[in-house]
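This report refers to the structure that appears directly beneath it.
Numbering of ligands and ligand atoms starts at 1, following listing order. Just so it is clear, the structure is predicted and the values come from calculations on it, not from any experiment.
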Amino acid sequence: MKLKAVVIDGELRVVHQSGVQFDAELPEFRTQGGVHIHTDRLTVTSPVLMWVKALDLLLDKMKRAGLDFSRVRALSGSGQQHGSVFWRRGASETLKHLDPDQDLHQLLQVCVFSVSDSPVWMDSSSTQQCEDLQAAAGGALRLAEITGSRAYERFTGNQIAKLRQTRAEEFQDTERISLVSSFAASLFLGGYAAIDYSDGSGMNLLDIRTRNWSEICLQATAPHLDQLLGAPLPSTSVLGPVSSYFVHRYGFSESCSVVAFTGDNPASLAGMRLQPGDVAVSLGTSDTVFLWLQQPRPALEGHVFCNPVEQQEYMALLCFKNGSLTRERVRNECAGASWELFSAALRDTPLGNHGNIGFYFETMEITPPVIGVHRFDSADCEVSSLSPQVEVRAVVEGQFLSRRLHAERLGYSIRHFVFSVPGTRVLATGGASSNKEILQVLSDVFNAPVYTIDLSDSTCLGSAYRALHGLVAESGASFVDVVKKAPEPRLVATPHPKAKEVRRPLYDDALLASEAEPLEQVKMM
Ligand SMILES: Nc1ncnc2c1ncn2[C@@H]1O[C@H](COP(=O)(O)OP(=O)(O)O)[C@@H](O)[C@H]1O
Ligand SMILES: O=C(CO)[C@@H](O)[C@H](O)COP(=O)(O)O
């Protein structure tokens with residue numbers, strides 16, 4: 001988990017990149033993977049001041065590297081979706097008068113946040129609040145029709161309801177609630193930034209058709225919540241100029257525009273210049289699969305968000321919690337903690353893994369909502385272990401099989417695409433998309449060609465593209481036109497000629513078995 005920055009020039013070339021790793025460079029916050037997992041194993045938070053301090057470090061690194069901030073015409077950004085920041089009463093005054101001689105961490109460490117540990121996307125502790133919200137909205141499907149998703153524990157509205165019920169004093173002391181994205185934008189603006197439609201769709205609070213807060217959801221969550229949230233705005237909005245703090249401390253121009261920040265997945269859609277018909281697979285901390293949608297058709301599984309670059313359109317997304325961290329654990333146990341050895345194991349084992357497969361839901365999964373680890377040998381018998389090399393392939397094939405199954409279900413439910421339709425491109429991004437062997441398995445399991453963009457971090461690049469678009473969006477210029485000079489995605493893997501053949505008997509059988517019986521057992525654990 002990192003805070004990262006990318007700077008592009010007018011030709012869309014990347015001219016600067018920097019990053020700050022939370023665990024390693026800010027050890028005083030004692031996070032693992034950027035988060036604290038609480039003793040109930042359900043509550044997951046991050047210290048909000050760690051994010052603030054990371055921004056100080058990042059901007060200092062960029063300055064030391066010689067970046068001329070005065071040439072930056074616009075900035076935007078993205079944050080992990082769903083996470084929330086609670087500003088204490090009086091914080092807006094503090095934000096307006098930041099002293100450029102001090103760093104942000106010093107200025108904001110006392111009395112600015114009513115909750116010091118922000119709930120993040122990995123949290124799954126608000127089940128009761130989810131049930132309450134669905135009951136108030138008239139059921140899970142009705143809630144999905146309004147907000148694009150049934151109630152999910154990590155969605156911000158349910159986290160807000162939980163905080164109001166369990167920490168009433170802190171809640172009373174809150175004057176504004178931001179998402180991680182609008183929180184970061186607020187720091188640059190020196191005032192509260194609006195939540196954009198796209199990231200706002202991950203809250204179970206926004207009506208994705210009217211693009212306004214849903215009255216039913218607001219009322220079921222907390223009194224006067226609209227005042228705490230502020231009005232949502234289009235994702236392409238210019239929110240204002242950068243604050244005088246950044247002008248004096250880093251030399252930004254007074255006319256540098258702050259364009260609305262958004263969620264990491266929406267930003268990634270922009271960074272990959274996703275087109276209708278493409279399937280994006282993001283292999284970051286979470287694995288996500290997302291598509292461009294023209295019409296919203298919300299279902300009980302998956303999410304529909306407002307589109308971050310085309311105001312009238314949408315995107316569909318599936319999120320899988322047991323992604324990179326699970327692959328890392330198997331790497332540590334079976335491949336000597338080395339990605340090279342992990343990749344070698346994938347090269348040395350055949351597609352289909354001789355019928356061995358595993359499903360590794362080490363923490364409560366989001367899609368599907370189950371927990372437990374199950375391995376099956378070639379005779380479909382459940383086994384307690386596999387040899388190290390086989391285990392490596394089993395985890396990657398099992399993960400992508402599950403991604404494909406749920407994406408196909410989403411595809412069918414929105415009647416949008418079916419894999420193996422000629423021309424379907426899988427666009428891969430996120431940290432693990434730098435691993436060619438992992439991408440080969442993705443291509444084989446999805447039976448489609450896999451493409452990447454030069455930068456494995458499409459969220460950052462997407463934020464830079466969105467900043468550029470924000471400068472001209474009001475005049476009607478389309479995002480596609482603004483980014484047409486960007487390099488085309490590169491083909492990195494094509495499916496093995498036998499992918500389809502091997503897939504049917506081995507993958508689909510294992511898939512049906514896992515989703516029916518074993519997972520039913522898991523559900524009862
Ligand atoms: N060579 C590699 N092979 C497989 N996975 C990798 C490799 N390098 C990094 N990763 C994975 O990428 C993840 C980080 O991805 P990143 O996109 O930076 O995360 P985030 O979405 O949280 O910003 C790490 O958890 C790590 O497991
Ligand atoms: O919960 C979701 C999407 O709904 C996650 O995808 C978060 O947006 C965080 O992702 P990482 O960037 O940490 O993988």
For ligand 2, run through the N/O pairs with the protein that fall under 3.5 Å and put one pair on each line.
from     : atom 1 : to   : atom 2 : distance (Å)
ligand 2 : 1 (O)  : H82  : NE2    : 3.2
ligand 2 : 1 (O)  : R154 : NE     : 2.9
ligand 2 : 4 (O)  : H82  : NE2    : 2.6
ligand 2 : 4 (O)  : R154 : NH2    : 2.8
ligand 2 : 6 (O)  : N265 : ND2    : 3.0
ligand 2 : 6 (O)  : S286 : OG     : 2.9
ligand 2 : 8 (O)  : Q81  : N      : 3.0
ligand 2 : 8 (O)  : D264 : OD1    : 2.7
ligand 2 : 8 (O)  : D264 : OD2    : 3.3
ligand 2 : 8 (O)  : N265 : ND2    : 3.3
ligand 2 : 10 (O) : D264 : OD2    : 3.1
ligand 2 : 10 (O) : S286 : OG     : 3.2
ligand 2 : 12 (O) : D264 : OD2    : 2.5
ligand 2 : 13 (O) : W121 : NE1    : 3.3
ligand 2 : 14 (O) : T285 : N      : 3.1
ligand 2 : 14 (O) : S286 : N      : 2.7
ligand 2 : 14 (O) : S286 : OG     : 2.8

Write none if no such pair exists; otherwise list each N/O atom of ligand 1 with its protein N/O partner under 3.5 Å and the distance.
from     : atom 1 : to   : atom 2 : distance (Å)
ligand 1 : 3 (N)  : N435 : ND2    : 3.1
ligand 1 : 15 (O) : G431 : N      : 3.2
ligand 1 : 17 (O) : G431 : N      : 2.9
ligand 1 : 18 (O) : K4   : NZ     : 3.2
ligand 1 : 21 (O) : T285 : N      : 3.3
ligand 1 : 22 (O) : T285 : OG1    : 2.5
ligand 1 : 23 (O) : K4   : NZ     : 2.9
ligand 1 : 25 (O) : E328 : OE2    : 2.7
ligand 1 : 27 (O) : E328 : OE2    : 2.5

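Remark: the backbone N or O of S149 is paired with a side-chain donor or acceptor of T147 at under 3.5 angstrom. Of the possible polar contacts, one joining the H469 side chain to the F479 backbone as a donor-acceptor pair under 3.5 Å is found.
Taking a cutoff of 4.0 Å between a charged side-chain nitrogen and a carboxylate oxygen, K4 and D457 qualify as a salt bridge. Using a 4.0 Å cut-off between a side-chain N of Lys or Arg and a carboxylate O of Asp or Glu, E25 and K61 qualify as a salt bridge.
Closest approach of L491 to P449, counting heavy atoms only: CD1-CB, 3.6 Å. Of all heavy-atom pairs between L300 and L141, the closest is CD2-N, 3.7 Å.
D264 and Q80 share no donor-acceptor pair across their side chains, judged by distance under 3.5 Å alone.
Residues that satisfy the side-chain contact (heavy atoms from CB on, under 4.5 Å) test with S237, not counting sequence neighbours, are L233, P234, L239. By the side chain to side chain donor-acceptor pair (under 3.5 Å) test, Q275 is found to be paired with no residue, residues two or more places apart in sequence or in another chain being considered.
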